[in-house]
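Report on one structure; see the data block that follows.
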Amino acid sequence: MTTLTDQRPTPRSGGLPPALHYAVHSALLTAKNVSFVVFTVIMPVTLYLVFSAIYGGESDAGLASAMIMVSMAAYGSLGAAMSGGAQLALERRSGWFRQLMITSVPPRLFLWARAAVIMLLVLPALLLVFVAGALLGGVTATAGQWLASLGLIWIGLLPMTVLGMVVGVWVKAEAVQGVTTMLLLALSLLGGLWFPVDTMPPVMEAVAPALPTYWLGELGRFPFLPNAEFPWGAIWVLLAWSIVLTVLGALGYRRAAATSKR
């Protein structure tokens, strides 16, 4: 217990605002977690290379490979983004939440500080998948297309990062990993990251546009599709999910802090 407490930030150390200090310190601790970093960076590019080898030989292979690249980048980085809940569960079990309650960090700032850490660590994974697409997958595009797709996917991951933290503060620590995995698989399947939405049964096809994972893929594919219109629906859906999940996370944070062990 003493080791965990000594490694955590305090509001007085470093002279930084509590939320910023918490974000910086959490980023450093997470970066030292070898298994997390390997999973975050290696999993997305491995999935892309496997699926590209299976389906990339179809007609119009360049465009097909780009679509696979986007889907696998979204799916792989989605798992990394949502994995932050497992880390929160460990902090909750250790009693660290009680220490946060005596600082001046509001619940919403705590959630967004943790989300910023995860988003920062997810970015290298996306970059690696795109590099693999350019060097090994035969994807050709302008610099603007690459940057637009990368940036849109990265921004679209924000509500999913918060979702992982919501699971971490509401679900029992022993069940966090299982619940996160179930949500990841369900949202990826229903959101069309594995199969095109138009090949799904009507009910699933109707549900997809309400899910953030659907728009995550749509945003990433948009720059590579000729004459495509920007998916404005993504803005409203992702914003709605972000707001609702932030509220749920803040409530869960207060509850977890109140019940956390000393």
Side-chain angles (χ1 to χ4, degrees), residues 44-45 47-48 51-52 54-82 115 119 122-123 125-134 137-163 183-246:
V45 71
L47 289 172
Y48 166 65
F51 278 87
S52 182
I54 295 173
Y55 300 108
E58 300 176 356
S59 59
D60 201 0
L63 182 59
S65 186
M67 299 300 100
I68 296 171
M69 179 187 70
V70 168
S71 293
M72 291 302 100
Y75 172 64
S77 57
L78 180 63
M82 292 181 64
M119 291 289 287
V122 164
L123 187 56
L126 290 174
L127 286 170
L128 191 58
V129 173
F130 276 56
V131 169
V139 180
T140 58
T142 65
Q145 288 174 306
W146 286 108
L147 291 175
S149 180
L150 177 67
L152 289 170
I153 294 175
W154 187 59
I155 293 173
L157 285 169
L158 186 56
M160 307 311 301
T161 301
V162 181
L163 174 59
L183 286 172
L184 170 64
L185 296 177
L187 289 171
S188 298
L189 174 62
L190 295 175
L193 296 182
W194 291 353
F195 310 102
V197 171
D198 55 11
T199 64
M200 296 180 180
V203 174
M204 296 174 64
E205 187 176 357
V207 170
L211 302 177
T213 42
Y214 170 81
W215 295 107
L216 183 63
E218 290 293 298
L219 286 171
R221 299 183 192 105
F222 159 71
F224 294 107
L225 296 173
N227 303 319
E229 295 184 0
F230 185 81
W232 291 105
I235 305 299
W236 304 112
V237 173
L238 295 176
L239 181 61
W241 275 80
S242 297
I243 293 173
V244 172
L245 290 172
T246 298

For a quick test of reading the model, state the closest non-hydrogen atom pair linking [X] to [Y] and the distance between them.
X	Y	answer
Pro231	Trp215	CB-CZ3, 3.7 Å
Ala208	Leu190	CB-O, 3.3 Å
Val70	Gly217	CG1-O, 3.9 Å
Leu238	Pro159	CD2-CG, 3.8 Å
Met200	Glu205	O-OE1, 4.0 Å

Kindly compute the distance separating [atom1] ([X]) from [atom2] ([Y]), expressed to the nearest 0.5 Å.
X	Y	atom1	atom2	result
Ser77	Leu127	OG	CG	11.0 Å
Leu183	Thr213	CG	OG1	10.5 Å
Met69	Met72	CE	CE	12.0 Å
Phe195	Leu189	CZ	CG	7.0 Å
Met82	Met160	CE	CE	5.0 Å

* Report yes or no: does Trp241 contribute a side-chain atom to a donor-acceptor pair with the main-chain N or O of Ala210 at less than 3.5 Å? => yes
* **Sidechain-backbone polar pair: Ser188 side chain, Tyr75 backbone, donor-acceptor under 3.5 Å** => no
* With under 30° as parallel and over 60° as perpendicular, where do the rings of Phe222 and Phe230 fit, or are they tilted in between? -> perpendicular
* Show your reasoning for whether side-chain contact (heavy atoms from CB on, under 4.5 Å) applies to Leu193 and Leu78. => CA-CA 10 Å; Leu193 296 182; Leu78 180 63; 4.3 Å; yes
* Asked: So, do Tyr214 and Val237 sit near enough that their side-chain heavy atoms are less than 4.5 Å apart?
  -> no
With a cut-off of 3.5 Å and sequence neighbours excluded, list every side-chain donor-acceptor pair involving residues 144-157.
from, atom 1, to, atom 2, distance (Å)
Gln145, OE1, Thr142, N, 2.9
Gln145, OE1, Thr142, OG1, 3.4
Gln145, NE2, Pro223, O, 2.9
Trp146, NE1, Ala141, O, 3.3
Ser149, OG, Gly220, O, 2.7
Trp154, NE1, Met119, O, 2.8

